[in-house]
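One structure is given here, and the rest of the page talks about it.
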Amino acid sequence: MFESGLRLRIPPSPTGSLHLGTARTALYNWLLAKRFKGTFVFRLEDTDRERSKSEFVTDIIEGFKWLGIDWNEGPLRQSEHKARHQMVVNQLLENNLAYECFCSSEELEQIRISQRALNKVEGYDNRHRNLTKQEKDNFRAEGRKPVIRFKLLNKAEITWTDLVRGKMSVNASDLGGDPVIAKDNGDVLYNFAVVVDDHDSAINCVIRGEDHLHNTAKQIPIYEAMQWEIPQFAHVPLILTANREKLSKRKHGDIASISNYLKAGYLPEAINNYLIAMSWQFPSDDHKEVFSKEEAVLHFDLKDLSKSAAIYDPLKLNWFCKEHFQRLSAEEVLTRAKTGGFLEALNNLKEYSPDEQLKIISLMKDGLIKLNDLSNPASAANLLVFCQAPNLQDLKEEAENCLREPEAKIVLSELNNLLETLADLNPEIVQKLLADLAAKTGLKKGKKLFWPIRVVISGNIHGADLVALLSILNKNRLQERVKEALKYLEM
RNA sequence: GCCCCCAUCGUCUAGUGGCCUAGGACACUUCCCUUUCACGGAGGCGACACGAGUUCGAAUCUCGUUGGGGGUACCA
């Protein structure tokens, strides 16, 4: 199908930070480019001068890098192709395939209102298609500046075979009139610029969101007018929120922006996995769910994409996160946490040797969702227990109650006594320590025996394996916290 | 309003006319493991939107209805 070589592109607009949906479209492009050894072009769609910002350019590039989505050409900037765009506009004008339209926005609005009243397609009624020179001069004399409109041939059936959806067809008369391709200030518009740029980059396969379906219908006639080869099109399904609306940067910025995931310490491999799996399934017999984008490359094909929109499910994302954390070595997690700055709030972690730090990470990483959780008190995977004594004045009710049990005091003072006889702790010693403690207190095991210890070290009745916890914490910290608690209970 | 797209458990999906009393995953839930939580293991709950066709036979094909989404800019 692509004898000359597959050429794909991703054209984000730097009017906002990298969007989850853009990342997913980029991923599908990337997957296909890798699979069929194509060329992937990265272009910044920055023709909207007011809304485009350089900080967003940085954000988008950083986002792609973080996800591991690389490209072969670019970043190209649409704004740098102005002269070329102007040239094509003129060519269209000369060939009578485009024309000047002097309608004011008020007139346009009037046209829409009357069309709507008649249950017709809203849009422009092409009234300035055949203006005489005299009429144009009159408008100019009024001080009106024209926009340039492209002549859509009415009634023409615009068809293409979509690589995801199959045969598609839109009637040109349903497109809302001749589209504006250049504003009255000369700036060209998206639907035009994208055609010129894609053609100039020899793009032969356009993968984009389903929200572009009508744009494709508007763009194909431009290719035809210029006698340019029309690329293949593939419209991928959208990502919807839980209440079934298109995921938008404005309304759902927190979950829509890739940079938020980066900052929170999500694993890019988990994001990629989730994004790909949203509309695509690993084809092998086991239909495995957890995979890398590199594994997906081996099997990915547009025809296997789902046609229906997918609803963003944070719980499922979390699951992918856990799965990918479990697959990472403790060394890797520690490195990423350090380089990402996620350990900075955990000052005292430096007191532990590198080897101890690894033990800490491997003890905690299985329930990890994002690196942020390492220092988040609300997370079960936080490392706070290793870094600071709990604030006993401010315990949760269940923890406070546990400490107020009469047995708690006995357990703690016996523990304190036993600790006096010990030097450094290790798992074997802790094992024995707890057994001795059980014997001394007469409490076999269970809540009465272990929960007070947990509360004293972490402020929580739940947590990671106690033996591992205590042996890493070691004698001094443990004893300190036990004494502190005994003091607190005396008050 | 008009145009287009989509339609299997709450969610993501497998399923391309008989292997389907519809399979998997997330979530939820029961039990087991465990000194707690988590992990892990074994179960459970739970769907072919509806109505007509076509066919010996339909989740799968056709039409209609309904529902959902997107689009409808001198934004991208």
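Note that the coordinates shown come from a computational prediction; the quantities given were computed from them, not determined experimentally. In what follows, chains carry the letters A, B, and so on, assigned in the order in which the sequence lines appear, proteins first and then strands, with residues in each chain numbered from 1.
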ask   = Just by distance, do the side chain of Lys365(A) and the backbone of Leu328(A) share a donor-acceptor pair under 3.5 Å?
value = yes
query = Between G51(B) and C31(B), how far is it from one P atom to the other, in whole Å?
reply = 39 Å
inquiry  = Enumerate the salt bridge (charged side-chain N to carboxylate O under 4.0 Å, His left out) contacts for residues 159-175 of chain A, please, sequence neighbours excluded, ordered by first and then second residue.
reply    = Arg165(A)-Glu210(A)
query = Just to confirm, is there a sub-4.0 Å distance from OP1 or OP2 of A76(B) to any side-chain nitrogen or oxygen of Arg208(A)?
reply = no
ask   = Quick one: does His214(A) reach the base of C3(B) with a side-chain donor-acceptor pair under 3.5 Å?
value = yes
I'd like a list of close polar pairs between nucleotides 37-39 of chain B and the protein, N/O only, cut-off under 3.5 Å.
residue : atom : partner   : partner atom : Å
C37(B)  : O4'  : His462(A) : ND1          : 3.3
C37(B)  : O2   : Gly463(A) : O            : 3.2
C37(B)  : N3   : Gly463(A) : O            : 3.4

key: Qualifying ring-ring contact (aromatic ring centres under 6.0 Å, His included) pairs, either residue in residues 173-194 of chain A, two or more places apart   = Tyr190(A)-His212(A)
request  = List in chain and number order the residues that pass side chain to side chain contact (heavy atoms under 4.5 Å, CB included) with Glu100(A), two or more places apart in sequence or in another chain; answer none if no residue qualifies.
outcome  = Phe102(A), Lys136(A), Arg140(A), Pro146(A), Ile148(A)
request  = With sequence neighbours left out, write down each residue that passes salt bridge (Lys or Arg N to Asp or Glu O under 4.0 Å) with Asp200(A), or none if nothing qualifies.
outcome  = Arg84(A)
task = Can you label the angle between the His235(A) ring and the Phe233(A) ring as parallel, tilted or perpendicular, going by 30° and 60°?
result = parallel
query = Under the 3.5 Å rule, do the base of A25(B) and the side chain of Lys316(A) count as making a donor-acceptor pair?
reply = yes
remark   = Each nucleotide of nucleotides 64-69 of chain B classed B (base within 4.0 Å of a protein heavy atom), S (only sugar-phosphate) or -, in 5' to 3' order, makes ----SS
message = If I take atom CG in residue Asp187(A) and atom P in nucleotide C74(B), what distance separates them, rounded to the nearest angstrom?
response = 14 Å
